[in-house]
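Note that ligands are numbered from 1 as they come in the structure, with each ligand's atoms numbered from 1 the same way.
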Amino acid sequence: MRDTLAGPRQLIKQLHAVMAAPLEAQERLDRIVRIIADNMVAEVSSLYILREDGILELYATHGLNPSAVHRAGLRVGQGLVGRVAKTAQPLNITNPRSHPGFAYLPETGEDEYNTFLGVPVLRAGRMLGVLTVQNRAPKRYDNEEVEALQTTAMVIAEIAGTGDLEKIPQSTAALDISRQLHVAGVSLVEGVGLGRAVLHEPRVVVTRLLNDDVEHELNRLETALDKIRGNLVAHLSRDEVKGDGAPRDVLEAFLMIAQDRGWARKMADVVRSGLTAEAAVERVQSDNRARLLRSTDRLVRERLHDLDDLANRLLRELMGRSPTSLAQITGDAIIVARSMGAAELLDYERTRIRGLVMEEGTPASHVTLIARALGIPTIGQAAGVTSMVESGEAIIIDADGGDVHIRPSPDVENVFAEKVRFRARKQAQYRRLRHLPATTRDGQDVTLSMNAGMLADMPHLKESGAAGVGLFRTEVLFMVAPSLPRMQAQEQLYRQIYKGAEGRPVTFRSLDIGGDKILPYLRKVEEENPAMGWRAVRLGLDRPGLLRTQIRAFLLAAAGQELKLMFPMVTTVAEYNAARALVDRERRFLHTHGYTLPESTKLGVMLETPSLLFELEELLQVTDFVSVGTNDLFQFAMAADRSNVRVAGRFDTLSQSFVRMLKRVADACREANVPVTVCGDYASRPLEALCLLGLGYTHLSMPPAAIGPVKAAIRATDLGRLRARLWPRLEPGRGNDDLRHLLSRFADANDIPV
Ligand code: PEP
Ligand code: MG
C-alpha cells in the first residue's frame with residue numbers, strides 16, 4: 001500500500017480515459033471507484049446514488065462486499081453517507097464507529113475501517129449522491145485528498161448528466177437525476193401551463209471539464225474576471241446609477257463580491273487541481289449554492305443570488321455565450337427565473353410562453369402585472385426552483401394553487417393536460433357568451449368592462465366582449481418604456497388606445513407610481529412603508545410637472561371625444577380638488593392656444609382609502625364618478641399588506657366589515673346619483689361579484705379573462721332573491737354571519753356557476 005497521493009492531475013487523467021472508453025455504465029463506475037481507491041491509497045472507495053424515494057443506494061464499490069452493490073442503502077440523513085447528502089458538505093473523520101451518526105450496514109462489511117471521507121456528488125447544486133473513501137489505518141485525509149475526491153465527484157456528476165447512470169438496472173425506483181419534484185409557491189396569476197423549462201439567464205452547462213494547460217486556464221479565468229469587473233465598473237458610471245441610491249448600492253455590493261480575493265482564489269485552486277476555468281467556476285458555485293441554500297436568512301440567500309449571477313456572467317464570458325431565448329427549445333415554454341423585470345418578460349415570444357415561475361415575485365410586482373395583462377399563469381416564491389430544473393426538462397405549473405411539478409410522471413402530466421383541456425372548453429363556453437348581455441334573470445343589466453395596462457391588451461376588448469376599459473393603468477405603459485415618455489409620445493400612446501377601443505369608452509387612471517411600482521429611470525425613494533408612502537396622486541401633486549404633462553397628453557389625445565380620467569389613492573377631497581384644478585388649468589391653456597378639446601371631460605376618484613368614506617357626501621358633490629379600488633381599499637381597511645403573503649390572505653374579502661363598507665359606498669353613490677364602478681380584483685371573482693350585485697353595484701371592471709365566468713354567474717342570478725337573502729344579514733347586530741357561506745349556499749341552491 002502506497003501512503004502518498006499520486007496527484008489529482010494523474011487521477012483526473014485516468015478518469016478521463018475511463019470516461020472516454022467504450023464501456024457499459026456499471027463497468028465504468030466499477031473502474032472509477034477502483035481508480036479512486038488506487039490513487040487515494042484507500043482500501044475502500046464507494047459510490048452511493050440518491051434515488052427518488054430518498055434512499056442512497058450503493059451503486060459501485062471497491063473494497064466493500066461486492067454483493068452489497070444495489071442491495072445496500074441509507075436514507076438521507078442516516079449514517080455518515082446520509083449525513084454527507086443531507087449537509088452537502090464533505091465529512092472527514094477518523095474512527096467512524098464512534099461518530100454519533102454512524103449506521104452499520106452489515107451486508108457491506110464496513111465495520112473494519114477506521115477512517116472515512118465522504119463528499120457530495122452535486123450537479124448544479126442538486127444532490128445526486130455521495131462518494132466515499134475509507135481506510136483501515138486511523139489516518140485523517142489531508143486537504144489535497146479532500147479536494148481530489150471533490151473533483152472526482154464532479155466528474156461523476158458529469159456522467160450522471162449524460163444519462164449513463166440510468167442505464168444501470170436499479171434495485172427499485174428511478175434515480176435522482178430523473179426524479180420528479182414538487183415545489184410549492186404562491187399563485188400570482190391563475191391558470192395552468194405545461195411545457196419545457198427555459199431558464200431565464202440560465203446556468204451555462206459546462207462541457208469541457210479537464211484542462212491540459214494549467215497556466216492557460218488560470219489566464220483565461222483571470223481575464224474573464226477582469227472583464228466582468230470592468231463591465232460592472234463601467235455600469236457604475238452610467239447616468240441612472242450616478243449619485244447615491246439603491247441601484248448604486250446594489251451594484252457596488254455586487255462589484256465587491258466580484259473583487260473578493262477568496263472567491264477568485266478558490267476557483268484558481270480548483271483550476272490547479274486539473275479542471276478548466278469554467279469547470280472551476282461551476283464547482284465553486286455548486287459548493288456555494290449547496291451551502292447557502294440551507295440558510296433561512298434572507299440576506300444570506302440574497303448573496304447566493306449575487307454569487308449565482310456572477311458565476312453565470314463568468315461562465316458566459318468564458319464560453320462566449322449570450323443569455324438564452326426560447327430558441328433552445330421547441331414547443332411550449334415555461335420560463336423559470338430567480339426574479340425578472342417586467343421588460344425582460346416582454347422580450348420573450350409571447351405565443352409560446354405557457355407559464356412563468358420565479359423564486360421571488362409578489363402579487364403586486366411589475367412582472368406580475370405584465371404577466372397578468374398577458375394572461376401568463378405565474379407562480380412566485382418557489383424556493384430554489386432554478387437549481388432544481390434544467391432547461392428543456394418537462395415542467396408543469398398549476399398557478400391556481402401555486403404548485404410546480406418538475407419532471408412530472410406521465411400520470412401527473414395526463415391529469416394536468418386534462419385540466420388545460422377543461423379550461424379551454426370552459427373558455428370556449430365563455431366565448432359563446434361574448435355577445436350576450438350581462439343581465440340577471442330578473443332583468444337587471446350589468447356593465448362589464450375590462451382592466452388594461454398596455455396596448456397589447458386592447459384586442460381583449462373584442463375577444464372578451466367587454467363593454468369598454470373600466471381601468472387603464474397608465475403606469476404600466478411607463479414601466480415598460482425604456483425612458484420617461486415625453487408629452488408627444490404619451491399623446492401618441494393614448495391615441496392608439498382610443499383607436500384600439502374602437503369607440504368603446506376608456507377610463508384612464510393617472511400615473512399610480514411610487515410604492516412598489518417603480519419606474520426604472522426615476523430615482524427610487526427609500527421608504528419604510530412604500531404602500532402608504534409618497535405614491536400615486538400624492539406624488540403627482542407634489543411633482544405637478546409629471547402630472548400636468550400627462551393631463552395635457554390625455555386632453556390632446558381625447559380631442560373631440562369624451563375623456564374619462566380618474567386619480568388613484570385620493571385620501572381627502574382637497575387632494576381631488578387640487579388634481580381637478582390641474583386639469584382645468586391645462587384645459588384653459590390648450591383652449592387659449594387653439595387646440596381642440598375633448599367633447600366632454602369626466603373626472604373621477606378611485607376610492608382606495610377608508611378616510612374617504614367619512615367624506616363621501618362632500619366628495620360626491622364634486623366628482624363625476626367613483627371607482628372602488630378594492631385591492632388597496634381592502635389592504636388599508638384590514639391593515640394587511642396586499643403583497644405580503646403572510647397576511648394578504650388572512651382576512652376574508654367577504655367579511656362583514658368590508659362588505660358593509662362597500663354597501664355604504666354603493667348606497668351613497670346611488671343617493672347622490674353619481675356613477676360608481678368596482679375595478680379592483682374583487683369584481684373578478686364570481687362569488688364576490690355576486691355580492692357586489694347584491695349591494696347595488698351595476699358596473700364592474702376586471703381582467704378580460706374574468707368577464708366570461710362573471711357574466712355566466714350574473715346571467716344565472718335572480719337579483720331580487722339574492723338581495724332578499726343578503727340584505728337582512730348586513731343589518732347591525734349580525735356581525736358574526738358568514739357571508740361567504742351564505743353566498744356559496746345561495747349559488748349552489750340556484751345553480752349559479754361560481
Ligand atoms: C385597486 O387598488 O383595487 C386597484 C384597482 O388599483 P391597483 O391594483 O392598480 O393598485
Ligand atoms: Mg390601487
Heavy-atom closest pair, residues Val710 and Ala689: CG1-CB, 3.9 Å
Test item: side-chain donor near acceptor, Thr571 and Arg538, under 3.5 Å: yes
Glu359 versus Thr386, side-chain donor and acceptor atoms under 3.5 Å: yes
Heavy-atom nearest neighbour in the protein, as seen from atom 2 (O) of ligand 1, with distance rounded to 0.1 Å: Glu608 OE2, 2.8 Å
Which residue and heavy atom of the protein sit nearest atom 3 (O) of ligand 1, plus the separation: Asn631 N, 2.7 Å
Whether Tyr498 and Phe508 hold their rings parallel, tilted or perpendicular, with breakpoints at 30° and 60°: perpendicular
Under 4.0 Å to a heavy atom of [X] - the qualifying atoms of ligand 1, by number:
X: Gly680; answer: 3 (O), 5 (C)
X: Asp632; answer: 1 (C), 2 (O), 3 (O), 10 (O)
X: Cys679; answer: 5 (C)
X: Leu471; answer: 5 (C)
X: Arg642; answer: 2 (O), 7 (P), 8 (O), 10 (O)
X: Met606; answer: 4 (C), 5 (C)

Test side chain to side chain contact (heavy atoms under 4.5 Å, CB included) applied to Thr677 and His699, Met566, Met606, the passing residue: His699
Asp542, CG: over 12 other non-hydrogen atoms inside 6.0 angstrom: yes
Asp681 side, atom CG; Thr630 side, atom OG1 - distance, nearest 0.5 Å: 6.5 Å
For the Mg ion (ligand 2): the N/O/S atom of Asp632 at shortest distance: OD2
Short N/O/S contact of Glu608 with the Mg ion (ligand 2) (below 2.8 Å): yes
Any Arg509 heavy atom less than 4.0 Å to ligand 1: yes
Centroid-centroid distance, Phe658 to Tyr682, less than 6.0 Å: yes
